[in-house]
Structure formats: structure tokens, C-alpha cells
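The next block holds one structure in the form of C-alpha cells; read it before the comments.
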Amino acid sequence: MRHNYNYTRRKLYLPEYGRHIHEMVDSLLLIEDRVERTRQAKAVIAVMGNLNPLLRDTADFTHKLWDHLFIMSDFQLDVDSPYPLPSREELQPVPRKLNYPQSYIPFKHYGKYVGKILKSLIDCPNKRGVATTVDNIARYMRAKSFEYNLEHPNNEIIIKDIKKMSDYGIDIDEQSLNNIRSDYKQHLSAHPQRNKTKQMQSKGKGRAAQQQQQKNRQKSTNRHTNSHNTNR
């Protein structure tokens with residue numbers, strides 16, 4: 001017995017019509033007489049229209065059915081259509097390729113705009129303003145490096161990266177940059193809320209333990225007092 005699975009059958013170009021309509025279109029390609037082939041094609045068009053009777057009164061409904069007929073035949077059907085014969089390029093246009101900007105970022109943890117800002121400062125005549133801007137950028141770079149590596153970077157590394165990103169075109173006051181201090185005073189945990197919850201839970205457990213100890217002491221004191229009264 002031969003099994004006829006769907007994965008062994010040909011591709012359905014318009015699955016909403018079902019495989020039976022596609023098989024009818026395939027049978028049209030086997031008819032040699034053009035007149036008879038055209039007559040059978042009109043019968044297939046009528047069957048296709050019966051699948052969506054509510055759309056018969058819409059504009060260009062019959063035109064769409066003929067276009068679908070040619071699509072299901074893979075544009076191989078040769079019949080006398082009441083409408084111009086469509087082409088594959090018209091009904092299945094190739095989408096236009098989008099050109100995405102491709103730019104190399106040498107220091108991704110700093111971002112691409114840090115290098116652009118540093119290069120724009122090369123020809124700036126205001127040396128004091130350049131020094132202030134470079135100082136702020138260095139603090140920003142240090143903060144971003146800490147977020148990326150979870151450790152405070154050496155100031156020498158920040159100065160070295162600034163020189164590279166500016167193509168060694170900025171006169172850097174290394175003495176002032178060596179005094180950079182990070183805004184991050186403590187190690188940032190990846191889950192601060194979770195750690196805070198754990199601390200609250202531990203505090204709650206400690207309080208519960210103290211209360212339990214007090215209860216045990218009170219019970220022990222009461223037992224000692226009762227035994228003393230009994231002996232008297």
C-alpha cells in the first residue's frame with residue numbers, strides 16, 4: 001500500500017484554496033485542446049468563486065480569481081483569459097533590500113558617540129572647554145567600563161583609550177585625569193532587589209529567633225517558680 005503524505009506532494013501556492021482546487025488546475029495543464037482547456041478553466045473559476053460567495057459583488061473579484069488561477073498553475077497555464085495575463089514579477093514582487101548601516105565600533109562598551117565627540121574636539125580653540133569636556137567624558141567612560149567589566153578600570157587605561165579614539169589629536173592633561181574618581185562607591189549587584197529581599201528575610205529570621213529565645217527563657221522562669229512554690 002502506497003501512502004500519499006502531504007510532504008511528498010507538490011507545494012500549494014495558495015493554501016487557502018485547498019489541495020483539490022490545485023489538483024483541478026493541474027488537470028487543466030494536461031488538456032491539449034486550447035478551447036476545451038479554456039472552458040474547463042472557466043469551470044474552475046466558478047468553483048473558486050463558490051468558496052467565497054460573499055465576495056462576488058466586490059470590485060475586481062473575477063479578476064483576482066483569474067490571477068489566482070495563474071498563480072496556482074505556476075504561470076504555466078495557457079488559456080484565453082478575459083483579463084491581461086499577469087506575470088510573476090507583477091504578482092510576486094521581490095522585496096527591496098534594505099541597506100543597514102554597518103559601522104565598526106572599536107570600543108563597544110563606551111558606545112559609538114564617545115569617539116565622535118572626542119574627534120570633534122580636535123579643532124576646538126577653547127582649550128579650557130576641551131579639558132572640561134574630556135574630564136566629563138573620562139568619568140563617563142570609567143562608569144561605562146565599570147558597568148561592562150564590574151570592576152573599576154585603571155585611569156591609565158582610560159587615558160590610553162581617549163588617545164586612541166581621538167587619533168592622538170587631543171592634548172590631554174594626564175595629571176588631572178589621574179585624579180578621576182568613579183561615581184560608583186560600592187560594587188553593584190546584578191540583582192539588588194533580590195539581595196535587599198534576602199537581607200530583610202535574614203533580619204526577620206534574627207528577630208524571630210530572639211523572640212523565641214525570650215519565650216523559652218520565660219517558660220524556664222515560670223517552671224522554676226512553680227516548682228519552688230510546690231516545694232514550699
Side-chain angles (χ1 to χ4, degrees), residues 7 11-16 59-60 64 67-68 70-71 74-75 84-207:
Y7 72 90
K11 176 183 176 181
L12 297 181
Y13 294 102
L14 296 176
E16 57 269 21
D60 298 334
K64 292 179 181 179
D67 290 343
H68 292 170
F70 288 110
I71 291 174
D74 197 17
F75 301 93
L85 297 179
S87 62
R88 190 186 303 272
E89 291 75 15
E90 294 177 356
L91 298 180
Q92 298 177 353
V94 179
R96 181 177 60 87
K97 184 178 180 181
L98 296 177
N99 295 323
Y100 291 97
Q102 299 292 335
S103 59
Y104 174 70
I105 304 175
F107 301 93
K108 293 184 178 181
H109 51 289
Y110 298 142
K112 66 178 181 179
Y113 294 107
V114 174
K116 292 182 178 181
I117 295 174
L118 290 173
K119 290 179 180 179
S120 66
L121 297 175
I122 295 176
D123 299 329
C124 183
N126 188 358
K127 301 300 181 182
R128 181 177 295 180
V130 171
T132 304
T133 304
V134 171
D135 183 71
N136 294 330
I137 292 176
R139 295 179 186 276
Y140 175 80
M141 292 170 59
R142 184 177 175 85
K144 287 300 176 182
S145 180
F146 179 80
E147 291 178 0
Y148 186 81
N149 299 314
L150 295 181
E151 61 181 7
H152 293 290
N154 193 346
N155 291 337
E156 296 179 357
I157 297 176
I158 300 297
I159 295 173
K160 183 179 178 181
D161 292 342
I162 290 175
K163 290 181 178 180
K164 285 184 178 181
M165 286 190 289
S166 64
D167 295 334
Y168 299 91
I170 298 178
D171 295 331
I172 302 175
D173 187 1
E174 298 185 9
Q175 184 176 0
S176 63
L177 291 182
N178 282 329
N179 297 325
I180 296 174
R181 293 293 181 268
S182 174
D183 295 334
Y184 296 98
K185 302 301 182 182
Q186 297 179 356
H187 176 73
L188 294 179
S189 175
H191 303 284
Q193 188 67 26
R194 186 183 301 175
N195 294 336
K196 185 177 180 181
T197 304
K198 289 183 179 180
Q199 292 177 1
M200 294 177 63
Q201 291 177 354
S202 61
K203 289 182 180 179
K205 291 181 180 179
R207 293 176 181 175

Review point. Can you name the ring-ring contact (aromatic ring centres under 6.0 Å, His included) partners of Y168, sequence neighbours left out?
Key: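 If we apply the ring-ring contact (aromatic ring centres under 6.0 Å, His included) test to Y168, skipping adjacent residues, there are no hits.
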
What pair of heavy atoms forms the shortest contact from [X] to [Y], and how long is it?
{"X": "P153", "Y": "I158", "value": "CG-CD1, 4.1 Å"}
{"X": "I162", "Y": "A138", "value": "CD1-CB, 4.0 Å"}
{"X": "V130", "Y": "C124", "value": "CG2-CB, 3.6 Å"}
{"X": "F75", "Y": "P86", "value": "CD2-O, 4.0 Å"}

Non-neighbouring partners of [X] that pass side chain to side chain donor-acceptor pair (under 3.5 Å), sequence neighbours left out:
{"X": "K163", "answer": "E174"}
{"X": "S145", "answer": "N149"}
{"X": "Y140", "answer": "none"}
{"X": "D167", "answer": "none"}

Exercise for review: Would you list the pairs meeting side chain to side chain donor-acceptor pair (under 3.5 Å) in which at least one residue belongs to residues 118-129, sequence neighbours left out?
Suggested key: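 Side chain to side chain donor-acceptor pair (under 3.5 Å) check on residues 118-129 returns no pairs.
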
Practice item. Quick one: list whatever passes side-chain contact (heavy atoms from CB on, under 4.5 Å) with N154, sequence neighbours left out. Key: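 N154 satisfies side-chain contact (heavy atoms from CB on, under 4.5 Å) with E156, I157 once adjacent residues are dropped.
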
Please set out all donor-acceptor pairs under 3.5 angstrom arising from side-chain atoms of residues 108-117, sequence neighbours excluded.
from: Y110; atom 1: OH; to: D161; atom 2: OD2; distance (Å): 2.8

Check your understanding: Between atom CE of M165 and atom CE of M141, what is the distance when rounded to the nearest 0.5 Å?
Key ->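 Answer for the CE-CE pair, M165 versus M141, is 3.5 Å.
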
Check your understanding: If you measure from CD1 on I170 to CG on L118, what distance do you get to the nearest 0.5 Å?
Key ->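 The distance works out to 5.0 Å.
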
